[in-house]
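One structure follows; several queries about it will come next.
Everything numeric here is computed off the predicted structure, so don't read it as measured data.
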Amino acid sequence: MGTASKSITPDLAKPSTVIGRYRWTVCALLFFATTINYMDRQIIAILKPLLQSEIRWNEIDYSNIVFAFQLAYAVALLFAGKVMDWLGTRKGFSLSIALWSVAAMAHALAHSVFGFGFARFILGIGESGNFPASIKAVAEWFPKRERALATGVFNSGTNIGAIITPLVVPWLTRQYGWRAAFITIGAVGFVWLIAWMLMYRPPTQQKRLKQPEFDYIHSDPAESIAKIPWMRLLPHRQTWAFAIGKFLTDPIWWFVLFWGPDFLYKRHGVTLSNVGLPLFVIYQMATLGSIAGGWLSGSLIKRGWQLGKSRKTAMLICALAVVPIVFASKVSGLWSAVFLIGLAAAAHQGWSANIFTLASDCFPRQAIGSIIGLGGMFGSLGALLLSKITGYVLQWSGSYLPLFIISGSAYLVALLIIHLLVPKLEPACVDVSKVTS
């Protein structure tokens with residue numbers, strides 16, 4: 001089995017060129033999978049004005065289509081991690097991307113709201129496996145000291161996917177039609193699948209992996225892989241601080257992703273042919289915000305600030321930076337609106353970098369997987385609610401102002417609740433002695 005019998009005697013003084021770099025090939029595969037994930041997720045938002053005209057759906061219909069995806073994603077997320085543990089990362093991720101790629105291509109067959117909703121529902125089930133599989137792969141292939149960096153690298157695919165889609169989809173649609181755009185973008189997943197099956201195996205089975213890198217990957221002390229079930233975490237205030245924070249703020253990112261292009265079309269006349277650059281700017285700002293938000297709290301800690309004060313200060317700055325989006329529907333210039341939405345997207349990503357870190361600040365490592373899964377479910381439930389509200393608000397009033405007011409205030413409300421629940425950000429008193437593998 002290749003390297004399965006190798007001893008774990010790492011020489012950490014060796015440079016990375018001697019240790020080896022195959023683990024970063026794995027990280028690159030995860031990055032491209034996440035990029036494809038967001039391309040398949042966002043394409044319907046880019047094509048919304050065209051499809052709304054051709055299929056003749058209204059705002060409530062579109063919100064129901066978005067709702068179908070988010071419902072499937074939220075429910076499937078509860079089981080995705082267990083599926084990856086059952087099948088293993090290689091087979092589990094293969095099943096996930098094959099399912100969502102078929103669903104992405106199936107949009108081309110849709111002729112009704114129900115058809116699009118069904119395709120989006122299956123897409124949500126398939127895409128729910130991306131992050132559990134990627135996090136599991138990082139845990140398999142990276143020592144602890146590199147896991148945060150590897151996670152940041154593959155997670156940047158969310159922004160890259162959101163940037164590429166508005167640059168590629170309009171051209172495909174103009175040249176070959178919207179059905180071909182769905183088929184082409186969906187088919188990219190199968191190209192990735194071939195590379196994944198050829199290149200990915202666990203380190204103990206990967207013949208391309210050399211002894212020094214194998215030893216480096218396994219250089220951490222042995223640790224328990226047991227997880228603490230949700231029911232044992234629910235009594236803790238820290239659990240609800242994280243879950244409510246996700247419930248209130250995750251929907252804002254989904255709102256920008258699924259309704260941002262439509263707002264630019266209706267308010268500023270941005271069409272399929274010129275939507276690429278505005279969305280490129282918005283998601284480039286989001287990429288910078290993700291980096292800046294994580295850097296800020298870390299920088300404050302290095303300056304001697306208390307952990308809780310550092311995290312909450314960074315989150316407060318991010319929450320305040322979202323507030324100006326309230327004026328996005330009132331400004332007359334396109335680029336003023338793009339800047340306000342981009343600032344909010346950047347602030348959201350900075351906020352996310354810190355709220356995810358709250359989980360590791362407040363809980364032992366055995367609880368992290370359960371806490372992240374619980375928070376993801378609450379975030380998806382919040383997105384379900386906001387998608388329905390958005391559909392009815394736009395159908396009845398045609399105005400984005402109420403939605404931008406919700407967006408601008410959500411983070412400050414979330415931070416207030418987090419502070420009330422955990423004023424000092426103290427760790428939860430979770431008894432891990434009863435946890436068994």
Charged N to carboxylate O under 4.0 angstrom, Glu59 versus Lys48? yes
Determine, using ring centers only, whether Trp192 and Phe93 are less than 6.0 Å apart. yes
Show the nearest heavy-atom pair for residues Ser134 and Thr34, with the distance to one decimal. OG-OG1, 4.4 Å
Scan side-chain atoms only and decide if Gln349 and Trp253 contain a donor-acceptor pair under the 3.5 Å cut-off. no
Consider side-chain contact (heavy atoms from CB on, under 4.5 Å). Of Leu279, Leu167, Val168, Leu51, which one does Ile46 pass it with? Leu279
Is the closest side-chain donor-acceptor distance between Ser387 and Gln70 under 3.5 Å? yes
Other residues, nucleotides, ligands: >12 heavy atoms within 6.0 Å of Phe378 CZ: yes
Trace of the side-chain hydrogen bond (donor to acceptor under 3.5 Å, both in side chains) decision for Ser96 with Glu127: CA-CA 6 Å; Ser96 175; Glu127 289 204 348; over 6 Å; no
Under a 3.5 Å threshold, yes or no: a donor from one side chain and an acceptor from the other, between Gln52 and Tyr265? no
Main-chain N/O of Ala110 paired to Arg179 side chain as donor or acceptor, under 3.5 Å: yes
What class does the angle between the rings of Phe116 and Phe182 fall in, given that below 30° is parallel, 30 to 60° is tilted and above 60° is perpendicular? tilted
Aromatic ring proximity, centroids under 6.0 angstrom, Phe263 and Trp259: no
Between Phe214 and Trp141 (judged by ring centroids, cut-off 6.0 Å), do the two rings come close enough to count as a pair? no
I would like to know whether Asn354 and Lys312 meet side-chain hydrogen bond (donor to acceptor under 3.5 Å, both in side chains); could you show each step before the answer? CA-CA 8 Å; Asn354 283 281; Lys312 289 180 180 178; over 6 Å; no
Between Trp100 and Tyr73, does the ring centroid distance fall short of 6.0 Å? no
Give the minimum heavy-atom separation between Leu272 and Pro170, together with the two atoms involved. O-CB, 2.8 Å
side-chain contact (heavy atoms from CB on, under 4.5 Å) evaluation trace for Arg41 with Phe69: CA-CA 9 Å; Arg41 188 178 301 194; Phe69 171 86; 3.7 Å; yes
If you count heavy atoms of other groups shown closer than 6.0 angstrom to OH of Tyr22, is the number above 12? yes
Heavy-atom closest pair, residues Leu172 and Ala181: CB-CB, 4.1 Å
Please report the shortest heavy-atom distance between Ala337 and His268, naming the atom on each side. CB-NE2, 3.4 Å
